[in-house]
Amino acid sequence: MKLKVLALGAVVAASLSASAASTYLFDNPDNIAHFGARVSVDISAGGIYNIPLFMNLYFEPGLSLFYNTIGANQWDTFTQKVPQLDGAGQPVVGPGGDAVTEDVEVPYQIDGSIRNFGFRIPLNVGYHFDFTEDVKVHVFTGPQINLSLVARYHQDAVRVPGVEEPSYSTSLFGTNGFKHVDLQWNFGAGVEYQKYYMSLSGAWGITKMKSGTIDLQRNLRRNIFAITLGYNF
């Protein structure tokens with residue numbers, strides 16, 4: 001009889017435990033609003049404020065500083081005079097005794113970079129699945145606003161035959177240049193262990209962050225992949 005009672009008790013306890021785990025998975029009663037710190041490897045740092053909405057659904061606005069560098073290398077050509085060679089590989093000599101040459105276009109690379117600094121404002125809606133009291137898995141998506149304070153193009157010095165240009169730096173703001181505001185759409189997933197947080201996310205550029213200019217003729221959209229580490233207070 002005692003064995004039957006103990007077995008029944010074990011089944012009831014297991015059922016209650018499974019029920020509690022299932023409840024926490026989708027609707028954790030311990031959900032509270034909280035601040036968090038975030039650092040991403042795309043060189044941004046800031047904080048978030050997590051606001052529970054319904055069950056484990058939440059709204060998470062944030063604010064961070066970012067600094068991004070973008071390679072902006074270009075190709076050009078210079079004209080070089082090259083001696084003409086005869087069938088024996090010897091220079092062809094003209095009537096005046098001078099070597100006969102021909103113009104050849106030689107490509108060269110112009111090294112440059114865009115350096116962009118500003119504020120980033122994610123406005124994510126997410127849901128967390130609470131597998132245990134300490135482990136939560138998050139999925140989230142939402143718009144992200146980028147406010148650019150600095151956007152400059154830096155070009156290295158050019159030293160090739162017939163082309164001598166010093167290094168220089170110029171602002172990319174202005175007509176058809178960098179936008180002070182551009183918009184992205186965020187999506188990602190993360191894992192929270194106790195107070196620690198890690199996520200993988202992407203952000204797709206909805207609007208242009210830069211239109212074509214004389215210096216840089218390409219239109220640019222801001223597409224980002226980020227690995228983020230964080231702590232929730």
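Values reported hereafter were calculated over all heavy atoms of this structure, with side chains retained and with hydrogens, waters and symmetry mates removed. This chain uses plain numbering: 1 for the first residue, then up along the sequence.
Considering Leu172, Thr69, Asn68 in turn, Leu172 is the only one that fulfils the side chain to side chain contact (heavy atoms under 4.5 Å, CB included) rule with Ile114.
Taking Ile, Leu, Val, Met, Phe, Trp and Tyr as hydrophobic and joining them when side-chain heavy atoms fall under 4.5 Å apart, one finds Ile48 isolated, its cluster having no other members. The hydrophobic cluster containing Tyr58 also includes Phe140, Tyr197, under a criterion of side-chain heavy atoms closer than 4.5 Å among ILVMFWY residues, counted directly or through chains of members.
Partners of Leu123 by side chain to side chain contact (heavy atoms under 4.5 Å, CB included), not counting sequence neighbours, listed by chain and number: Phe59, Pro61, Ile121, Pro143, Ile145. Applying the salt bridge (Lys or Arg N to Asp or Glu O under 4.0 Å) rule to Glu105 yields no partners; only residues at least two apart in sequence or on another chain are considered. For the side chain to side chain contact (heavy atoms under 4.5 Å, CB included) test, residues two or more places apart in sequence or in another chain that qualify with His154 are Ser113, Arg115, Arg152, Ser169. With sequence neighbours left out, Phe54 forms a ring-ring contact (aromatic ring centres under 6.0 Å, His included) with no residue at all.
Within a 6.0 Å sphere centred on OH of Tyr196, other residues, nucleotides and ligands contribute 12 heavy atoms or fewer.
With contacts defined as side-chain heavy-atom distances shorter than 4.5 Å, the pair Glu60/Ile51 does not qualify. Residues Tyr168 and Thr170 meet the side-chain proximity criterion, which asks for heavy atoms closer than 4.5 Å. Using a 4.5 Å cut-off on side-chain heavy atoms (C-beta onward), Phe66 and Ser148 make contact. Using a 4.5 Å heavy-atom cutoff, the side chains of Ile224 and Arg120 are in contact.
Asn28 and Asn56 form no side-chain donor-acceptor contact under 3.5 Å, judged by distance and modelled atom types alone. Using a 3.5 Å distance cut-off with no hydrogens or angles, the side chains of His128 and Glu192 do not pair a donor with an acceptor. Asn186 and Gln184 form no side-chain donor-acceptor contact under 3.5 Å, judged by distance and modelled atom types alone. Under the 3.5 Å distance criterion, with hydrogens and angles disregarded, no donor-acceptor pair is assigned to the side chains of Ser167 and Asp156. Side-chain N/O atoms of Asn232 and Asn50 include no donor and acceptor closer than 3.5 Å.
Phe178 CZ to Phe173 CZ: the interatomic distance, rounded to the nearest 0.5 Å, is 7.0 Å. Separation of atoms NZ (Lys210) and OG1 (Thr207) is listed at 13.5 Å; rounding is to 0.5 Å.
Of all heavy-atom pairs between Tyr49 and Ala33, the closest is OH-CB, 3.3 Å. The nearest pair of heavy atoms linking Leu229 to Met198 is CD2-CG, 3.6 Å.
Although no hydrogens or angles enter the test, the distance criterion places no donor-acceptor pair under 3.5 Å between the side chain of Ser199 and the main chain of Ser201. Side-chain atoms of Arg159 come within 3.5 Å of backbone N or O of Glu165 as a donor-acceptor pair.
The aromatic ring centres of His138 and Tyr127 sit 6.0 Å or more apart.
Under the 4.5 Å side-chain heavy-atom criterion for Ile, Leu, Val, Met, Phe, Trp and Tyr, Val125 and Val137 are members of the same hydrophobic cluster.
Ring geometry for Tyr231 against Phe233 counts as perpendicular: the plane angle is over 60°, on a 0 to 90° scale with 30° as the lower cut.
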